[in-house]
Undergrad: 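I have a structure I would like to understand better, so I am pasting it below and will then ask my questions one at a time.
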Amino acid sequence: MPELPEVETVANGLHERVSGDTVISVWLGEKPEPLKSPAEEIAETLKGKKIEQVHRIGKTVVFELVGGTQFLVHLGMTGRLLVNGGDVPLPPHTHGVLHLKSGREVRFIDPRRFGRMSVTRGYTGPGKEPLKIDVDEFVGLFKGRKTPIKSALLNQKLLHGVGNIYADESLHRAGIRPTRQAGRLTRIELERLHKAVKAVLQHAIKLGGSSVSDYVDADGMRGFFQLEHRVYLRTGEPCRTCKTPIKRLLVAGRGTHYCPMCQR
DNA sequence: ACTATGTCCTGCGAGC
DNA sequence: TGCTCGCAGGACATAG
């Protein structure tokens with residue numbers, strides 16, 4: 001479940017390793033599922049283009065190529081982007097390879113195939129950037145919404161980049177129960193949530209993200225934020241604040257973890 | 001316009 | 001030991 005901090009870590013690692021390099025050719029696996037654009041279009045569009053920058057918009061890794069072309073990679077649940085020398089054997093579930101002028105390769109590996117690749121121009125993402133949004137705009141996002149605050153946090157058209165881990169962690173830090181109606185939260189509560197979302201994401205970025213399933217960065221390294229989780233996947237374990245056992249329920253079909261004492 | 005639910009996909013761990 | 005089954009969930013489609 002690469003979310004904003006994991007995707008940012010991956011994008012930064014890629015930027016260090018491949019910006020300035022040029023795409024010589026593109027190989028895409030025979031399975032069409034991981035492609036949002038036709039394989040030929042991706043291959044033809046990227047071929048011969050220099051990579052100027054790699055960064056993140058929401059949960060999407062964005063390769064900025066010369067002339068305004070963008071190569072988008074969404075990692076889905078289990079997607080990895082690795083940079084390797086061409087002599088390293090391709091691992092199973094490799095769906096795409098960019099062959100670079102330097103001899104290195106950018107590889108997209110994704111066992112569960114929820115990830116997606118596409119080429120486009122002018123991509124800005126579906127929602128607002130959680131690290132940039134100011135408090136008034138943040139509060140405005142939830143006005144009149146009847147859906148649980150947890151669902152609203154997962155809605156990428158509002159904020160993009162927050163997923164299941166950081167939604168749960170942010171709500172715990174803000175002391176808000178995930179099932180509360182988004183539109184019924186007070187201004188004070190939403191201010192706390194605004195702060196909590198930013199703090200959690202920034203802390204996680206510092207620690208290289210959370211490695212809960214098989215997440216690794218562009219160097220194949222795991223993150224360390226999972227050691228800091230206060231609720232996520234801690235069902236039955238004592239709350240780190242008040243020792244009350246963490247509860248689990250389903251919200252929006254997602255496993256949702258919270259402290260019944262700290263979160264009201 | 002908003003909300004809820006089902007679907008995709010594979011690996012892994014619990015339980016028998 | 002080896003099997004089945006449920007679960008993990010981001011984004012999108014579909015239905016209400």
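Proteins get letters first, then strands, A, B, ... in listed order; numbering begins at 1 in each.
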Undergrad: Between A:E129 and A:G58, what is the shortest heavy-atom contact and its length?
TA: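 Closest approach of A:E129 to A:G58: OE2-N, 3.0 Å.
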Undergrad: Who passes side chain to side chain donor-acceptor pair (under 3.5 Å) against A:E105, sequence neighbours left out?
TA: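 Only A:H99, A:R107 meet the side chain to side chain donor-acceptor pair (under 3.5 Å) criterion with A:E105.
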Undergrad: Do A:C262 and A:H172 come within less than 4.5 Å of each other through their side chains, counting heavy atoms only?
TA: yes
Undergrad: Taking 4.0 Å as the cut-off, does a side-chain nitrogen or oxygen of A:H74 come that near to OP1 or OP2 on C:dA11?
TA: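 It does, given that an N or O in the side chain of A:H74 lies less than 4.0 Å from OP1 or OP2 of C:dA11.
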Undergrad: Look for any protein N or O under 3.5 Å of an N or O in nucleotides 5-7 of chain C and output each such pair with its distance, or none.
TA:
none

Undergrad: Do A:H160 and A:I57 touch side chain to side chain, with heavy atoms closer than 4.5 Å?
TA: yes
Undergrad: Between A:H93 and A:S151, which has a closest nucleotide on DNA chain B that is more 5'?
TA: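 The answer here is A:S151.
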Undergrad: Would A:E6 and A:Y166 count as having a side-chain donor-acceptor pair, cut-off 3.5 Å?
TA: yes
Undergrad: With a 4.5 Å cut-off on side-chain heavy atoms, are A:V23 and A:L65 touching?
TA: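 A side-chain contact under 4.5 Å exists here.
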Undergrad: Under the criterion side chain to side chain contact (heavy atoms under 4.5 Å, CB included), I'd like the reasoning laid out for A:L193 against A:S170: C-alpha separation, chi angles, the key distance, then a yes or no.
TA: CA-CA 7 Å; A:L193 185 57; A:S170 299; 4.2 Å; yes
Undergrad: Compute the bend angle of the helix from B:dC2-C:dG16 to B:dC16-C:dG2 from the end axes (five pairs per end), rounded to 10°.
TA: 40°
Undergrad: Scan for ring-ring contact (aromatic ring centres under 6.0 Å, His included) pairs involving residues 242-264 of chain A, sequence neighbours excluded, and state none if there are none.
TA: A:Y232-A:H257
Undergrad: How many angstroms lie between atom OG1 of A:T124 and atom CD of A:Q70, to the nearest 0.5 angstrom?
TA: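 Between atom OG1 of A:T124 and atom CD of A:Q70 there are 9.0 Å.
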Undergrad: With respect to the phosphate group of B:dT10, does any side-chain polar atom (N or O) of A:R113 fall under 4.0 Å of OP1 or OP2?
TA: yes
Undergrad: With ILVMFWY side chains joined below 4.5 Å, transitively, what does A:I246's cluster contain besides itself?
TA: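 Answer for A:I246: A:V231.
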Undergrad: Which atom pairs link the protein and nucleotides 1-3 of chain B when you take only N or O atoms and keep those under 3.5 Å?
TA:
unit_1: B:dT3; atom_1: OP1; unit_2: A:K146; atom_2: N; d: 2.7
unit_1: B:dT3; atom_1: OP1; unit_2: A:T147; atom_2: N; d: 3.4
unit_1: B:dT3; atom_1: OP2; unit_2: A:R145; atom_2: NH1; d: 3.0

